[in-house]
Structure formats: C-alpha cells, structure tokens
Amino acid sequence: MKKTILVFSALIIALLALFKLSSYAYFSGDTSIEIILSGIALVFFFVGLYINRKTIRPSADPSGPIDLKKVEQLGISKREYEVLVHISKGLSNKEIANTLFVSESTIKTHVSNLLLKLDAKRRTQAIQKAIDLQILSI
C-alpha cells in the first residue's frame with residue numbers, strides 16, 4: 001500500500017513539474033503549444049500503460065496445491081468435499097442439492113458434518129479454515 005501511494009505521489013509531482021516547465025517554455029516563446037501538448041500526452045500514455053500493467057498482472061496463487069492427505073486426516077468424505085467446494089462457490093443448500101441430485105436435508109447433514117470436522121460455527125468460517133489448511137483453493 002505504501003509503495004502504491006509513493007508511486008502515485010511521484011507521478012503527480014512529475015506531472016506538476018512537467019506542467020510548470022511547459023508553461024515556462026510556452027510563455028518564453030521557445031516551443032509551440034503542439035509540442036508541449038504532445039509531450040504531456042506521451043507522459044499520460046506511459047502512466048496509463050504502467051497502471052494497466054500493475055492492475056492486469058495475474059497474481060500468483062499463494063494457496064498452492066490442495067493437500068488431499070489433510071482431507072483424509074480430517075475424515076472428510078468425497079461427497080462432503082464436493083459440498084464444501086459448492087459452498088465456496090456461494091451456493092445455497094437447495095442449489096447444492098439440485099446440482100448433486102440429492103435432497104436438501106442430505107446437504108444439511110453434510111454441511112453440519114463439515115462444520116464439526118473443520119471446527120467451524122459458520123459456513124464462511126469453514127471455507128476460511130479449509131483455505132488455511134490448504135484443502136480448498138479459490
């Protein structure tokens with residue numbers, strides 16, 4: 001965060017200096033307005049490219065591979081793991097039941113088993129613990 005603030009502060013200061021130099025050059029009669037405007041446009045173009053690269057760059061996946069041994073150690077069944085994946089996608093119990101072709105009460109049972117096995121009180125807490133244990137990646 002501090003680096004971003006410093007970069008943008010430096011860019012603003014550089015642009016202000018460019019504007020001051022261009023106004024001095026224009027009023028002194030050394031250069032024409034077209035050259036000054038093209039210089040400012042080039043600066044904005046390169047600043048835009050820099051910002052574009054910073055925002056579009058794909059971030060590295062810090063979670064790494066899924067640890068299937070931890071899934072087995074926790075005693076999570078394959079079906080419970082499928083339910084956990086669907087929970088992480090934000091699906092409701094009814095939507096998960098329709099996707100997996102089981103009843104909603106079966107999904108509720110799987111969710112309660114997952115909460116017990118992951119020692120969580122809420123679905124969001126279960127997802128966070130699963131990510132921390134590297135058994136789920138988003």
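Residues: numbered from 1 along the sequence shown.
- Nearest heavy atom pair, residue Leu91 against residue Arg123, reads O-NH2, 2.8 Å.
- One N or O on the side chain of Lys129 and one on the backbone of Asp119 form a donor-acceptor pair closer than 3.5 Å.
- Put simply, the residue from Asp132, Leu136, Val85 that forms a side chain to side chain contact (heavy atoms under 4.5 Å, CB included) with Ile127 is Leu136.
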Show the numbers, then the answer: is there a side-chain contact (heavy atoms from CB on, under 4.5 Å) between Gln128 and Gln125?
CA-CA 5 Å; Gln128 187 59 49; Gln125 189 179 16; 5.6 Å; no

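- Here the straight-line distance linking atom CD of Gln73 with atom NZ of Lys69 works out to 8.5 Å at 0.5 Å rounding.
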side-chain contact (heavy atoms from CB on, under 4.5 Å), that's the test. Do Val83 and Asn113 meet it? Break it down for me.
CA-CA 11 Å; Val83 171; Asn113 288 340; over 6 Å; no

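- Between Lys117 and Glu80 the shortest side-chain heavy-atom distance falls below 4.5 Å.
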After noting the C-alpha distance and the side-chain angles of Thr99 and His86, does the key distance pass the side-chain contact (heavy atoms from CB on, under 4.5 Å) rule?
CA-CA 9 Å; Thr99 304; His86 286 296; 3.6 Å; yes

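- If you take CG on Leu114 and OG on Ser77, they are separated by 7.5 Å, rounding to the nearest 0.5 Å.
- Residues Leu74 and Leu133 form a side-chain contact, since some pair of their non-hydrogen atoms from C-beta on lies under 4.5 Å apart.
- Counting heavy atoms from C-beta on, the side chains of Ile96 and Val102 never come closer than 4.5 Å.
- Looking at Ile66 and Ser137, their side chains come closer than 4.5 Å, going by heavy atoms from C-beta outward.
- Between the side chain of Tyr50 and the backbone N or O of Phe45, no donor-acceptor pair lies under 3.5 Å.
- If you chain together hydrophobic residues whose side chains sit under 4.5 Å apart, Leu49 and Leu42 fall into the same group.
- With rounding to the nearest 0.5 Å, the separation of NE2 in His110 from CD1 in Ile87 is 10.5 Å.
- With rounding to the nearest 0.5 angstrom, the NZ atom of Lys94 is 12.5 Å from the OG atom of Ser103.
- Ionic pairing of Glu82 and Arg79 is present here: one or more N-O contacts between side-chain nitrogen and carboxylate oxygen are shorter than 4.0 angstrom.
- Residues Leu118 and Leu84 meet the side-chain proximity criterion, which asks for heavy atoms closer than 4.5 Å.
- Distance CG/Leu100 to CD/Glu95: 11.5 Å, rounded to 0.5 Å.
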